[in-house]
Amino acid sequence: VQRRIAQRLMAQGATLADPERIDVRGELTVGSDVSIDVGCVFEGHVHLADGVRVGPYSVLRNVSVGANTEIVAFTFFEDSGIGAGARLGPFSRLRPGAQLGDEVHIGNFVEIKASTMGRGSKANHLAYVGDTTMGADCNIGAGTIVANYDGANKHKTELGDNVHTGSNSVLVAPIRIGAGATV
């Protein structure tokens, strides 16, 4: 079955680094010029638009990925949407409800949960963003944490466009940070 799935994907325009080392456990649809490296697992409904590149040992579950997005090695994404031209990983995680705009960058050891990130926003290193609405062109500094849980309830964080947080910032929800602010 996996061999037939691999052959179908290649006939649709996907390049598989090793057709024997792909694991499709649901429905995977691909656009043209998609590249999938070894050891990737696809569960549920996954769509990869034209030009998407998936690095080795990534797991995607119920995810839609926009055109020309690069997913680097060892990523885990579930129940999320990713815009076009994004770059994600390595070692990043999208939890349920993550919605990333076009040209978003998510880097090493960054976890996003139930949050939206506007076009061109970045969280490149060691960060947790949960229950957050983020505008365009924001930069989340290394070690930034959105503290969204008070022990009993989850709270929301709102960041306007062009918000920048410095390294090791803790945003204690509920909080609203206006456009152009620097923390």
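When every heavy atom of A147 is checked against every heavy atom of V170, the shortest pair comes out as CB-CG1, 4.1 Å. Shortest non-hydrogen contact noted between H105 and E103 is CD2-O, 3.6 Å. Annotation for C138 and G160: closest pair SG-O, 3.1 Å, computed over non-hydrogen atoms. Nearest heavy atoms, D37 versus A17: OD1-CB, 3.5 Å. Taking both residues in full, the closest heavy atoms of A49 and A67 are given as CB-N, 3.4 Å, listed atom of the first, atom of the second, then distance.
Note that CE of M117 is 11.0 Å distant from CG of D137, once rounded to the nearest 0.5 Å. For the atom pair CD1 of I106 and OG of S121, the computed distance is 8.5 Å after rounding to the nearest 0.5 Å. To the nearest 0.5 Å, atom CD1 of residue I36 and atom CG of residue D18 are 12.5 Å apart. Going from atom NE2 of H164 over to atom CD1 of I177 covers 12.0 Å, rounded to the nearest 0.5 Å. In this structure, CZ on R8 lies 5.0 Å from CD on Q12, to the nearest 0.5 angstrom. Between the CZ atom in F77 and the CZ atom in F42 there is a gap of 11.0 Å [rounded to 0.5 Å].
Taken together through direct or relayed side-chain contacts under 4.5 Å among Ile, Leu, Val, Met, Phe, Trp and Tyr, L16 and V65 form part of one hydrophobic cluster. Both V24 and V52 are assigned to one and the same hydrophobic cluster, defined by single-linkage of ILVMFWY side chains at heavy-atom distances under 4.5 Å. L60 is connected to L9 through a chain of hydrophobic side-chain contacts under 4.5 Å among Ile, Leu, Val, Met, Phe, Trp and Tyr, so both are in one cluster. Side-chain heavy atoms closer than 4.5 Å link hydrophobic residues (I, L, V, M, F, W, Y) into clusters, and following such links, possibly through other members, connects V63 to I112.
A donor-acceptor pair under 3.5 Å is formed between the side chain of D161 and the backbone N or O of A136. When atom types are taken as modelled, the side chain of T144 and the backbone of A127 share no donor-acceptor pair closer than 3.5 angstrom.
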Would you please test T69 and R53 for side-chain contact (heavy atoms from CB on, under 4.5 Å) and show each step?
CA-CA 6 Å; T69 288; R53 295 173 308 283; over 6 Å; no

Kindly indicate, with the supporting measurements, whether the criterion side chain to side chain donor-acceptor pair (under 3.5 Å) is fulfilled by T15 and S35.
CA-CA 5 Å; T15 299; S35 175; 5.6 Å; no

Would K156 and T132 satisfy side-chain contact (heavy atoms from CB on, under 4.5 Å), going step by step from the backbone distance to the final call?
CA-CA 6 Å; K156 303 282 186 193; T132 299; over 6 Å; no

Would you sort out whether T157 and T133 count as a side-chain contact (heavy atoms from CB on, under 4.5 Å), showing the intermediate values?
CA-CA 6 Å; T157 295; T133 301; over 6 Å; no

Give the intermediate values and the outcome of side chain to side chain donor-acceptor pair (under 3.5 Å) for residues D150 and H155.
CA-CA 8 Å; D150 65 8; H155 298 282; 2.9 Å; yes

Could you tabulate the donor-acceptor pairs under 3.5 Å formed by side-chain atoms of residues 80-98, not counting sequence neighbours?
unit_1, atom_1, unit_2, atom_2, d
S80, OG, E78, O, 2.7
S80, OG, R95, O, 3.2
R87, NE, E70, OE1, 3.4
S92, OG, G89, N, 3.2
R93, NH2, E78, OE2, 3.3
R95, NH1, E111, OE2, 2.8

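By the 4.5 Å heavy-atom criterion applied to side chains, N62 and V46 are not counted as neighbours. Side-chain contact between V110 and H125 is absent, with no heavy atoms from C-beta onward closer than 4.5 Å. Residues Q2 and E20 are not in side-chain contact: their nearest non-hydrogen atoms beyond the backbone lie 4.5 Å or more apart. Two residues are said to be in side-chain contact when any heavy atoms from C-beta on lie closer than 4.5 Å; I140 and K122 fail this criterion. Residues V38 and Y57 form a side-chain contact, since some pair of their non-hydrogen atoms from C-beta on lies under 4.5 Å apart. Contact of the D33 side chain with the D50 side chain is not registered, since no non-hydrogen atoms from C-beta on lie closer than 4.5 Å. Between L48 and V54 the shortest side-chain heavy-atom distance falls below 4.5 Å. Residues I22 and I5 are not in side-chain contact: their nearest non-hydrogen atoms beyond the backbone lie 4.5 Å or more apart.
A salt bridge is defined here as a Lys NZ or Arg NE, NH1 or NH2 lying under 4.0 Å from an Asp or Glu carboxylate O, and R61 with D79 fails to meet this definition.
Other members of the hydrophobic cluster containing V41, listed by chain and number, are V59, F76; membership follows side-chain contacts under 4.5 Å among ILVMFWY residues, whether direct or relayed.
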